[in-house]
Colleague: 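A single structure is presented below for examination.
The analysis underlying the following values was restricted to heavy atoms, covering all of them including side chains, and did not include hydrogens, waters or symmetry mates.
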Amino acid sequence: MRIGLVCGDGVPASGLLTIFRNVVGLGVGLQLLELPVPADLGYSWRPDKPAFFPYGPAEQEASALLEPARPAPPLLGDLDHAAAEWTSIRMSVAEGAALGPVERVRLHERIDRLAGRYQDYFSEWMRRNRVDWTIAVNMTLSDAVPVTKALHAAARDRRHENRAGGVLFWDHDLFGSCADHDESGRRYPDRPNEFTPLPGTGPGVRWAVVSEALAEEAAGYPVAGRPRVVPNVLPRVPTGPLEPRIEEFLDGLGLDPRRPILLNPVRVFRFKGVELALEVLAAARSASADRGLPAPYLLVFGSLAEDPSYSEEVLSTARRLDLLPDVRFLDGVPLCSVRDGTGSWRLDETDLLRAAAASGGGVVFTPNTEDVETVGLGPALAAVAGLPCASTHYAAFAPTYGRDFFVVPVDPRPAGMGRSGDELVAAMQANRAGEPRMAGMLRRNRQIVDRRFPAGPWAELLTELAEDTG
């Protein structure tokens, strides 16, 4: 079976893509999938990611796993006009309930004009790449309603042509549970409206979500059926000596091998709370000095180019706390470890977790908004690598991990941050020393994520998709 990927993030690398990498690895292991996977990463419909709109980064990642598309996107007019139109449509869809009759008709016409172009584009893309099933990640959200509408139409086109396969909408976020705001207000309506296409139950369309909470939300949507719950697939993190590429990468970043590494596995995007991760680093540095221990480093996965205004706030925090020597922004994490155009290594998520584990480090996961994360994988990544995790409180944590999962609580208030840093340093020190109590808590964390993130549901779904294609 040949699958394709359409991802709505509009950035070169995101957590959604690393989860997709794990799914593809599972499918290849089951001898169900062909490689590479053709992909459109959404650059042409996300002007809110100006560093990547509309063609993506200058140096696109291509590997044995993923083959990004780079055609001329089906834009309307020049880039400034196209960016303004996409932004205006997104904002109008979010405000759909307040629109008058004439405005509603006009918005449908504007959506249809772009959708027609993308329907032709995706139908041809699927034929050219011999795609059986297109996996559309987070395309139910209204960042790009014309593209979502086009994907639904392309799925219908396949069935009208008597071809098997279609589109699997795979959602990590939905409307009510993703209360993301920007300077114009709430980015999404709090529930679907007449402008937001929803996955149905007809031929050629499947719908999956990553949690029971999202399935419950979707059950209240005006659509027949309920999405299937397929939990995220986590990476396998090998143990043993580090390969030379990891040591070369760390040396290239100027990292002292005697100091522990903290990972912040998030994009540099406002609600991800990178500024809080820096506060944790500062507190951990102070606690380490008090204990006579080497200060930790912090490696932030995301790109400073994604959200320039927020990135400047993050850098301002780093300068204020005198952290620039101790923090590295990795400019996105590739799906597979690879040398870039300069010959330097860029490590994937698994290799970064191995590096942190070998250093006796940990994971910092600090969303600054309680109701945006629908899973939050930072604690899970720490668990599979046998690392302690420091995390702020967010609404999805307890439903995802339960009460018995051990994390160091991060209190964003100034009085609490010092305590959080000290507790994290103590946890890392105990882990390095092999303290039985800490070893038991981290072992329990691993058992919890093994239960909460089983690979079986994805294996069953991939098998069913392959059977559908004959």
Colleague: Apply side-chain hydrogen bond (donor to acceptor under 3.5 Å, both in side chains) to E313 and list each qualifying residue two or more places apart in sequence or on a separate chain.
Modeller: R270
Colleague: What I want to find out is whether R228 reaches E464 closely enough, with some N-O distance under 4.0 Å, to be called a salt bridge.
Modeller: yes
Colleague: When rounded to the nearest 0.5 angstrom, what distance separates OH in Y43 from CZ in F52?
Modeller: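 Spacing of OH (Y43) from CZ (F52) equals 7.5 Å.
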Colleague: Pick out which of T374, T140, L214, V210 makes a side chain to side chain contact (heavy atoms under 4.5 Å, CB included) with D171.
Modeller: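 Single side chain to side chain contact (heavy atoms under 4.5 Å, CB included) partner of D171 among T374, T140, L214, V210: T140.
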Colleague: Apply salt bridge (charged side-chain N to carboxylate O under 4.0 Å, His left out) to the pair E279 and R320, showing each step before the final yes or no.
Modeller: CA-CA 10 Å; E279 297 277 2; R320 173 175 59 83; 2.9 Å; yes
Colleague: Could you report the tightest heavy-atom contact between A383 and R446, atom names first, then the distance?
Modeller: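 Shortest heavy-atom contact: O-CD, 3.7 Å.
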Colleague: Looking only at non-hydrogen atoms, find the nearest pair between G421 and A283 and report the distance.
Modeller: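 For G421 versus A283, the nearest heavy atoms are CA-CB, 3.8 Å.
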Colleague: May I ask you to decide if the ring planes of Y118 and W86 are parallel, tilted or perpendicular, using 30° and 60° as cut-offs?
Modeller: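 Judged by the thresholds at 30° and 60°, the geometry between Y118 and W86 is perpendicular.
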Colleague: Kindly give the heavy-atom pair with the smallest separation between S337 and D351, and that separation in Å.
Modeller: OG-OD2, 2.6 Å
Colleague: Less than 4.0 angstrom from a charged side-chain N to a carboxylate O is my criterion; do R319 and E312 meet it?
Modeller: yes
Colleague: Determine the sole option in L323, L424, V364 for which the side chain to side chain contact (heavy atoms under 4.5 Å, CB included) test with L281 is passed.
Modeller: L323
Colleague: Using a strict threshold of under 4.0 Å (side-chain N to carboxylate O), is an ion pair present between R419 and D411?
Modeller: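 R419 and D411: salt-bridged.
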Colleague: What I want to find out is whether R226 reaches E212 closely enough, with some N-O distance under 4.0 Å, to be called a salt bridge.
Modeller: yes
Colleague: Is any side-chain heavy atom of F20 closer than 4.5 Å to one of L66?
Modeller: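 A side-chain contact exists here, since the closest heavy-atom pair is under 4.5 Å.
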Colleague: What's the shortest heavy-atom distance between A305 and A51, and which atoms?
Modeller: O-CB, 3.4 Å
Colleague: Please test L99 against F195 for side chain to side chain contact (heavy atoms under 4.5 Å, CB included), starting from the C-alpha separation and ending with a verdict.
Modeller: CA-CA 11 Å; L99 299 180; F195 306 104; 4.2 Å; yes
Colleague: Please name the pair of heavy atoms, one in L141 and one in L174, separated by the smallest distance, quoted to 0.1 Å.
Modeller: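 Residues L141 and L174, closest heavy atoms: CD2-C, 3.5 Å.
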Colleague: Taking all non-hydrogen atoms of both residues, which atom of N193 and which atom of G96 are closest, and how far apart?
Modeller: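 Here N193 and G96 meet closest at ND2-CA, 4.0 Å.
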Colleague: May I ask you to check whether Y221 and E217 show a side-chain donor-acceptor distance below 3.5 Å?
Modeller: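 Result is yes, a qualifying pair exists.
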Colleague: Are the aromatic ring centres of Y394 and F365 under 6.0 angstrom apart?
Modeller: yes
Colleague: In Å and rounded to the nearest 0.5 Å, what is the CD1 to CZ distance from I111 to R106?
Modeller: 11.0 Å
Colleague: So, applying side chain to side chain contact (heavy atoms under 4.5 Å, CB included) with L168, which one of L461, V230, L462, T134 is it?
Modeller: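 The option that passes is L461.
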Colleague: Check for a donor-acceptor pair, side chain of Y401 on one end and backbone N or O of N445 on the other, with a separation under 3.5 Å.
Modeller: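 No, because the side chain of Y401 does not come within donor-acceptor range (under 3.5 Å) of the backbone of N445.
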Colleague: Decide, yes or no, whether a salt bridge links D9 with R267 under the criterion of side-chain N to carboxylate O below 4.0 Å.
Modeller: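 Salt bridge flag = yes for R267 with D9.
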Colleague: Taking the inter-plane angle between the rings of Y188 and F175 on a 0 to 90° scale, is it parallel (under 30°), tilted (30 to 60°) or perpendicular (over 60°)?
Modeller: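 Judged by the thresholds at 30° and 60°, the geometry between Y188 and F175 is perpendicular.
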Colleague: Should the pair K272-E373 be classified as a salt bridge under the 4.0 Å nitrogen-to-oxygen rule?
Modeller: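 Result for this pair is yes, salt bridge flagged.
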Colleague: So, using salt bridge (charged side-chain N to carboxylate O under 4.0 Å, His left out) as the criterion, who are the partners of D48 when residues are at least two apart?
Modeller: R46, R187
Colleague: Using salt bridge (charged side-chain N to carboxylate O under 4.0 Å, His left out), reason through D326 and R259 one step at a time and then give a plain yes or no.
Modeller: CA-CA 10 Å; D326 297 333; R259 295 173 59 181; 2.9 Å; yes
Colleague: How long is the gap from OG on S92 to NE2 on H108, to the nearest 0.5 Å?
Modeller: 11.5 Å
Colleague: So, applying side chain to side chain contact (heavy atoms under 4.5 Å, CB included) with L17, which one of V11, V137, L5 is it?
Modeller: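 Among V11, V137, L5, the one meeting side chain to side chain contact (heavy atoms under 4.5 Å, CB included) with L17 is L5.
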Colleague: Please examine the side chains of Q119 and D112, heavy atoms only from C-beta on, and report whether any two atoms are closer than 4.5 Å.
Modeller: no
Colleague: Give the C-alpha distance, both sets of side-chain angles, the deciding distance and a yes or no for side chain to side chain contact (heavy atoms under 4.5 Å, CB included) between V410 and M417.
Modeller: CA-CA 7 Å; V410 173; M417 192 61 78; 4.0 Å; yes
Colleague: Answer yes or no: is there a donor N or O on one side and an acceptor on the other, between the side chain of D404 and the main chain of I448, under 3.5 Å?
Modeller: no
Colleague: Could you tell me how the ring of W458 sits relative to the ring of W170: parallel (under 30°), tilted (30 to 60°) or perpendicular (over 60°)?
Modeller: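 If you compare the ring of W458 with that of W170, the planes turn out perpendicular.
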Colleague: Using 0.5 Å steps for rounding, measure from the CZ atom of F169 to the CG atom of L151.
Modeller: 5.0 Å
